[in-house]
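Below, read A as the first sequence line, B as the second, and so on, with proteins coming before strands; counting in each chain starts at 1. Keep in mind that this is a model prediction, so the values were computed, not measured. Computation of the quantities below employed the complete heavy-atom set of this structure, encompassing side-chain atoms and omitting hydrogens, waters and symmetry-equivalent molecules.
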There are 2 protein chains.
Amino acid sequence: MILNFNVENFVKDFEKYCHKVKKKEFAKNEVITTYIEKRNQFCILVNGNADLVRYDFNGNRTIIEHFSKNDIFGEVFYTVTTNNELLVEARNKCEVLIYSYNDIHNKCKNNCKFHQILSEHLPELILNKVTDLNMRVELLTKRSTRDKLLGYFSFLSKRNFNKTIVLPFSLTDLADYLSVDRSAMMREIRLLKEDGLIEKNGNIITLLYK
Amino acid sequence: MILNFNVENFVKDFEKYCHKVKKKEFAKNEVITTYIEKRNQFCILVNGNADLVRYDFNGNRTIIEHFSKNDIFGEVFYTVTTNNELLVEARNKCEVLIYSYNDIHNKCKNNCKFHQILSEHLPELILNKVTDLNMRVELLTKRSTRDKLLGYFSFLSKRNFNKTIVLPFSLTDLADYLSVDRSAMMREIRLLKEDGLIEKNGNIITLLYK
DNA sequence: GTTTTTCTGTTGCAAAAGCAACAAAATGGT
DNA sequence: ACCATTTTGTTGCTTTTGCAACAGAAAAAC
C-alpha cells in the first residue's frame, strides 16, 4: 500500500497518543481477528505477514487480501456480506496494533491525537483499499488461469518497476488468492515457462514478454 | 446502495449549490464517461441504468458494476490499475450530474454548499463502494458457475428481504457480470431448476431452498 | 404494424480446470 | 543433525466450462 500517511511514524509513538490502543503479538498460524463478530477492530500490522482468509462450505480456502508491514485492516474496511468465516491469520510472527472503536468517525472522548490523525486519514486509507479491491476484481474477472497468473505477475511487475518479481506468498497460497485449483495452476505455470513467457526460480519470476 | 446521505434531495437543488455541476442526458448505449483519460469526473446517476464495463483483448466483456437511480460513480471510486478500456455505458436513457474536480478533498474555491456536502459524505460514499466491491470479490472467488449464481441470487434476496427477486439486468449481462460464459450459465440455470433449487419466470427468480 | 435487432434457450464438441494421489524437495522445530 | 511437516511438481482421469452455431421469442426501431 502506498500512502501519504506515514504509518511507520504514526505507529512508533502510539503510546503517547492513546492508551486504548494495544500492541499484541501473534505466532505463526494464530488468528489475529475475525470479521464475523462485530467487535469493531481496527488493526495495523507493525511487523510480519498475515492474510484475510475465507473458508467456504466446501472447504475451499480463499485468500481475500494479503497484508505485510504497515498494512491496515479491520472491520471498517470490510462490511461483511457473507455467511462464511472471515479470519485474519498470521503467516509468521506478527506484531499488531489493535484498537476497538465504537464509532471511528466520531472523535475520541479523550480527543487524543491517535484518533485525530486516524480520522483525518481514514478516507485516504479506505481509498487505498478500494484500489486494492479494484485490482482484485480485475484479476478475478479474467476468464482463464493463465490470464489470472499473467495479470497478477504484471501487476506486481508494474508496482515495483521491475520485470523480475518476488511472489509475496507460496504457490499454494497464490492458488488460493487467484481462486483456482493448485495443480491446475502449477500446470499452467509450466506451460507459461514452455511458451517462453516467464522464467521461474523458486518464488522469483521474470516476465519475458513485451 | 443504502446511504444516510440523501442523494435524491441533494440532486434536486444542485443548481443552487454549484454552477460547475452540469446535468447531461445520454441515450441508450451512449458512453457516459471513461475511466482511462484522467478527467476526474464525479457523477451521480439521476435517472436510468448504466454499467461500468471492461472490454479485454480477447473481446470479452465484463460488467464491473451496475448503476441505477441515485448511484454514484467516477474516477474517485476507481483508481485505474488496468490496461483495458473501462467505460460507463447507458443501458437506457440516462440523466447524469457531472462534476469535474481538481481535488475533491479540498474545498471548492467558491466554498459552495455542493462541495461542502460532498466532501462531508465522501467517506460514507466510498465505504459503500467498498461494501459493493467486497460482495463482488466474494462472488467472483466462488469456484463454480452454480455457486456464483446462487451467491448472487441470495445476495439480492437478502438485500430485499424476499425469496423472489427481479434480476436488474438481462441474462446476457448477468453472465458478463459473473464473468462466465453465457451458454454455460444458461445450462446451469436449467440444472438449478431441475434440481428444484429455483423457479424462474423471465427475469424473476424465486429461491426454493432454506 | 412490420421489420430488424437483440435476447433466450439449447446442443455437440473441444478445451480448460478440478480432483486425487504421490514422490521429491524444502522448510521448520527441537 | 534429525525428524516431521509443508510445499512443490507431476500425472491420469473426471467434470465443468467455453465455443460456435442455430432457432424461436421478445423487444426495439421505424
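When atom types are taken as modelled, the side chain of A/D147 and the backbone of A/R143 share no donor-acceptor pair closer than 3.5 angstrom. Within the 3.5 Å criterion, the main-chain N or O of B/A175 finds no donor-acceptor partner in the side chain of B/S179.
Heavy atoms of A/R187 sit under 4.0 angstrom from at least one base atom. Among the protein residues, B/K200 comes within range of the sugar-phosphate backbone only, with heavy atoms under 4.0 Å from sugar or phosphate atoms but none that close to a base.
Remark: C1' of D/dT7 and CG of A/N29 are 14 Å apart, rounded to the nearest angstrom. In this entry the distance linking CZ of A/R143 with C1' of D/dT17 reads 12 Å, nearest Å. What separates CZ of A/R190 from C1' of D/dT11 is a distance of 9 Å, to the nearest Å. In this structure, A/L174 atom CG and D/dG9 atom P are separated by 12 Å, rounded to whole Å. Distance B/L140 CG to D/dT17 C1': 16 Å, rounded to the nearest Å. For A/E194 and D/dT10, the CD to C1' distance is 12 Å, given to the nearest whole Å. Atom-to-atom, CE of B/M185 to C1' of D/dT17 comes out at 13 Å; the value is rounded to the nearest Å. In this entry the distance linking NZ of A/K148 with P of D/dT17 reads 11 Å, nearest Å.
Judged purely by distance below 3.5 Å, without hydrogens or angles, the side chains of A/E188 and A/T145 never pair a donor atom with an acceptor atom.
OP1 or OP2 of D/dT8 has at least one side-chain nitrogen or oxygen of A/T172 nearer than 4.0 Å. Within the 4.0 Å cut-off from OP1 or OP2 of D/dC19, not a single side-chain nitrogen or oxygen of B/S183 is found.
Relative to the ring axis of A/Y177, A/R136 places its NZ or CZ within 45° and under 6.0 Å from the centre.
The nucleotide range of DNA chain C contacted by chain B, defined by atoms under 4.0 angstrom from heavy atoms of the protein and reported 5' to 3', is C/dC7 to C/dG12.
Considering only heavy atoms from C-beta on, B/L97 stays 4.5 Å or farther from B/K22 through its side chain. Between B/L178 and B/L139, the closest side-chain pair of non-hydrogen atoms falls below 4.5 Å.
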I'd like a table of atom pairs between the protein and nucleotides 22-30 of chain D - only N or O on both sides, under 3.5 Å - with the distance next to each one.
none

Return all side-chain donor-acceptor pairs below 3.5 angstrom for residues 196-209 of chain A, not counting sequence neighbours, or 'none' if the list is empty.
{"from": "A/K200", "atom 1": "NZ", "to": "A/G202", "atom 2": "O", "distance (Å)": "3.1"}
{"from": "A/N203", "atom 1": "ND2", "to": "A/L167", "atom 2": "O", "distance (Å)": "3.4"}
{"from": "A/T206", "atom 1": "OG1", "to": "A/T164", "atom 2": "OG1", "distance (Å)": "3.1"}

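The residue among A/M186 and B/D181 whose nearest nucleotide of DNA chain D lies closer to the 5′ end is A/M186.
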Derivation and outcome, salt bridge (Lys or Arg N to Asp or Glu O under 4.0 Å), residues B/D173 and B/R182: CA-CA 9 Å; B/D173 287 352; B/R182 187 188 63 86; over 6 Å; no
Derivation of the salt bridge (Lys or Arg N to Asp or Glu O under 4.0 Å) call for B/D195 and B/R146: CA-CA 12 Å; B/D195 291 353; B/R146 167 170 287 227; 2.9 Å; yes
